[in-house]
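Worksheet: the structure to be examined is printed underneath.
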Amino acid sequence: MISNVVLVLAGCLLATSCVRLDASPVASELHRISLRQTFSCLNDSGCNPSNLTGYSVPNGVKCVNKVCVCSGSCFTFDKVTSRCGYSTCGWYGPNTTVCTAYAPKSQLTAFLLSFFVMPTGAANFYIGQNGLGGAQLALLLLSLIISYVSCCIKMCAKGSSNEGGRAFFSCLSCCTGLISLLIGLTSLAWWIADLVIFARNQRTMGNGCPLISDL
C-alpha cells in the first residue's frame, strides 16, 4: 500500500516537472528546433549566416545548448543549415552591425492602442492583423446594436397598456440584456488577453514579422 502511494507521488512530481518544462517558451522553442537540427553549434559565431563569416556576431544570433537561436527582425532559423539566416523582415549591415526592420511597428504603440481603444480593433489594424481587428470591431458594433434594441424594447414595455404585452417585452429585454452581458464579458476577456500578448510581444505583424521591442 505504501509503495503504491510512493509510486503515485513520484508520478505526480514527474508530471509536474514535465509540465513546467513544457510551459517554458524558451524550452519549448529549443526542443522544437532541436528536433530538426543537423548541426550543433559550439559558440555564437558558429550560428552566423554564411556570408557573415569573419564579421562580429549580431545581437540576434545566439548558441544556446548547442542549438542556434535566431531572433529580431533580421534573422530567422534556417531549417536547411540549422544555422541562422537572413529574415525577410529586416536588413542587417555587417559593417555597422545595425538591424533595420522593414515597415516596423512599435510594441509600445500596439500596447497603448490595445489598452485605450481595444474594442475598435485599432491595435490589430495597426500591426496588420486585419482579421483580428475586424472581429473586434464587429463585436463592438454588435454590442451597440443589441444595446440599442434592448433600450427600444424597454421603452415598448413601459408604454404597453396590455399586461401580456408588458410581460413579453420584459422577457425579451432580459434576453437581450443577457446577450449584451455575454458580449461584454467576451470583450473584457479579449482585452485582457491582448494586453498580456502585447506586453510580452507575442503577436507578430500581419506579414509575420516581429514588433519592435520598445516597451
Ignoring hydrogens and angles, tell me if any N or O in the side chain of Asn207 forms a donor-acceptor pair with the backbone of Cys209 under 3.5 Å. yes
Taking the side chain from Asp214 and the backbone from Gln107, do they hold a donor-acceptor pair closer than 3.5 Å? yes
Val117 with Ile192, same ILVMFWY side-chain cluster at under 4.5 Å: yes
Mind checking whether Phe115 and Leu188 sit in one hydrophobic cluster, side chains of I, L, V, M, F, W, Y counted as touching below 4.5 Å? yes
Atom OG of Ser187 and atom CG of Leu142: how far apart are they, to the nearest 0.5 Å? 9.0 Å
Answer yes or no: is there a donor N or O on one side and an acceptor on the other, between the side chain of Ser180 and the main chain of Thr176, under 3.5 Å? no
Criterion side-chain contact (heavy atoms from CB on, under 4.5 Å) on Leu52 and Tyr86, from CA distance to verdict: CA-CA 10 Å; Leu52 288 183; Tyr86 280 114; 3.3 Å; yes
Please report the interatomic distance OG1(Thr120) to CG(Leu139), rounded to the nearest 0.5 Å. 12.0 Å
Take Leu108 and Ile212, measure what side-chain contact (heavy atoms from CB on, under 4.5 Å) needs, and give me the verdict at the end. CA-CA 8 Å; Leu108 176 61; Ile212 296 176; over 6 Å; no
Taking less than 2.5 Å as the test, are the sulfur gamma atoms of Cys84 and Cys47 close enough? no
Donor-acceptor pair, side chain of Tyr126 and main chain of Ser106, under 3.5 angstrom: yes
Taking it one step at a time, do Asp78 and Arg83 satisfy side-chain contact (heavy atoms from CB on, under 4.5 Å)? CA-CA 6 Å; Asp78 190 333; Arg83 294 176 171 86; 5.5 Å; no
Please report the closest heavy-atom contact between Cys89 and Pro210, naming both atoms and the distance. SG-CD, 4.1 Å
Separation of Leu113 CG from Met118 CE (nearest 0.5 Å): 12.5 Å
Please check if the number of heavy atoms outside Leu185 that lie under 6.0 Å from its CG is greater than 12. yes
For the residue pair Ser114 and Trp191, what are the closest heavy atoms and their distance? O-NE1, 3.1 Å
Looking at Ser150 and Ile146, would you say the former's side chain and the latter's main chain have a donor-acceptor pair under 3.5 Å? no
Distance check, rounded to the nearest 0.5 Å: Leu211 atom CG versus Ser213 atom OG? 7.5 Å
Determine whether Phe75 and Asn59 satisfy the following criterion, side-chain contact (heavy atoms from CB on, under 4.5 Å), listing intermediate values before the conclusion. CA-CA 10 Å; Phe75 302 100; Asn59 291 331; over 6 Å; no
Side chain of Asn43, backbone of Gly46: donor and acceptor closer than 3.5 Å? yes
Measuring from Ile183:CD1 to Leu144:CG, what's the distance to the nearest 0.5 Å? 9.5 Å
Do the side chain of Trp91 and the main chain of Cys99 share a donor and acceptor less than 3.5 angstrom apart? no
